[in-house]
Protein chains: 2
Amino acid sequence: MIGGEDGIARWRSVADGIRGMIAEAGGALERLPVEAELAARFGVNRHTVRRAIAALAAEGLLRAERGRGTFVAARPPRLSYPVGPRTRFSENVARAARRPGGRLIRADLVPADAALAGLLDLRPGAPLHRLETLSVADGVPLSVGTGWFPAERFPAIVAAYAETGSITLALKAHGIEDYRRRETRVTAERLSPADAELLASPPDGLALVSHGVDVDLGGCPIQANRTRAHADRVELVFDHAPPPREAG
Amino acid sequence: MIGGEDGIARWRSVADGIRGMIAEAGGALERLPVEAELAARFGVNRHTVRRAIAALAAEGLLRAERGRGTFVAARPPRLSYPVGPRTRFSENVARAARRPGGRLIRADLVPADAALAGLLDLRPGAPLHRLETLSVADGVPLSVGTGWFPAERFPAIVAAYAETGSITLALKAHGIEDYRRRETRVTAERLSPADAELLASPPDGLALVSHGVDVDLGGCPIQANRTRAHADRVELVFDHAPPPREAG
DNA sequence: AGTTATTTGTTCGTATGTATC
DNA sequence: CGATACATACGAACAAATAAC
């Protein structure tokens, strides 16, 4: 069964109608009329309105709250998150914020699979400390990160992180004075239910996923990392500094 | 109304059940039983099964095709998309593919708003050529890009791009021999309906959105750019090249 | 604090449209 | 063309969260 005159489903027309209402109001419309009234206004069943609202909510335009109403999503500006050779996820991350912080969610010892072994220059099966951490700024959770560290080289990394709340300091306790980011790969995914929970996000939120490998000054890998940043709250900024003229 | 014993909605249990079926089959399950059979198997109404399938499809796990069936989505590996100072979106982009290509979707003349004027070092209201382009590799659309060019400096950019299919060549026709990417900001969003259409994607797909500004060798901005890459098909790779040893 | 009204969320039922096989 | 299978649409009822009294 397809909608009124043309071959367009009715819920799509309703969705476009709602889009129009929002555009017409020009920012003045905070809350949508209730579903029953929209259904009456568009001359369709309440389910059809709900289908339209679901589509717009999936787009990020609306946010429906049970018992309260349906609201036009007004998103605050994202926090800029610089990424470069000197990226320190748990630290520089939220330096712009007044109260940055990190928290250890979980830590365990896992064997390296083929992919991790390749990234870290280890044999498959080598023991790795896996740390799951949450980074928070001004009380708002920004990202969940999983870091893998060679357990033989960094035997006390978990305790050091738990004590200092900083990867950089925990590495320093193992003799790493400085390190560099080698490469960052960025993708986008939907938040997993577990990550949505940690990030205090509705389950339909998006994650900016970045994979990276940090190396010591000798080029030896010391950490593989997978960070899921809340896409509504964070933007990644890559500064492509011009190459030094002298080096040609 | 909430499902059977605990406070979990039935469609969530059904979704978990389907997840289980897929996991249990371990890759051997290509096609799901039809909705009516799933409804019977889980003891719920067909609508409840459809709600569960919709959720899993939104997660990217399933793909429903009208008239054919519901299938477990097997996603091909993402194409790596290097981003750096010498990024040429319409070109390097898909060099890894056998048949890269670009297509002009739309072009028009727009006045610079405050944000664009700031990025491009122009006065607000200055005329800009806006080009909407689609980049394709091996027949698969990868990304939609919108580029803004100062119209006074690049009066014939639209014709030049339409003729050559390349931003770099179109700029060369205006005397730009080389240019650099200054900065890239990356976020994630849901695909807009229009972009989903262009990218031949289901409407619930995700976009990796990158904003960038290109400057000529004198540092003068020549292009502002907003690219929406299909998150399932593309990953952005940022290579944080080590500082050249020779230069100290 | 407790009760009621409002509003979105879930579930079932039924029927029909439309694409595929 | 008929059968199959997903998509759309309407109707009815109740659940659960919130807000108002």
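In this text, all values refer to a predicted model and were calculated from it rather than measured experimentally.
- Listed pair B:R68 / C:dC21 meets the phosphate criterion, a side-chain N or O lying under 4.0 Å from OP1 or OP2.
- Rounding to whole angstrom units, CG of residue A:L32 and C1' of C:dT6 are separated by 16 Å.
- For D:dC6, one of the phosphate oxygens OP1 or OP2 lies less than 4.0 angstrom from a side-chain nitrogen or oxygen of B:T70.
- Residues A:T227 and A:S210 have side chains that never bring a donor and an acceptor to within less than 3.5 angstrom of each other.
- Between A:R51 and D:dA9 there is no side-chain polar atom (N or O) within less than 4.0 angstrom of OP1 or OP2.
- B:R31 comes within contact range of the sugar-phosphate backbone alone, with a heavy-atom separation under 4.0 Å but no base atom that close.
- For D:dA9, the OP1/OP2 oxygens have no side-chain nitrogen or oxygen of A:N45 closer than 4.0 Å.
- By the 4.0 Å N-to-carboxylate-O rule, B:E183 lies too far from B:R181 to be salt-bridged with it.
- Taking only distance into account, the side chain of B:R46 meets the base of D:dA7 through a donor-acceptor pair shorter than 3.5 Å.
- Residues A:Q223 and A:L119 are not in side-chain contact: their nearest non-hydrogen atoms beyond the backbone lie 4.5 Å or more apart.
- Each of A:T48 and B:P33 was assigned the nucleotide of DNA chain D with the nearest heavy atom; the assignment lying further toward the 5' end belongs to B:P33.
- Separating the CG atom of B:L62 from the P atom of D:dA5 is a distance of 17 Å, rounded to the nearest angstrom.
- Side-chain atoms of A:H47 come within donor-acceptor range of the base of D:dA12, with a qualifying N/O pair under 3.5 Å.
- Whole-Å rounding puts the B:F71 CZ to D:dA5 P distance at 11 Å.
- Taking 4.0 angstrom as the limit, B:R66 places none of its side-chain polar atoms (N or O) nearer than this to OP1 or OP2 of C:dG17.
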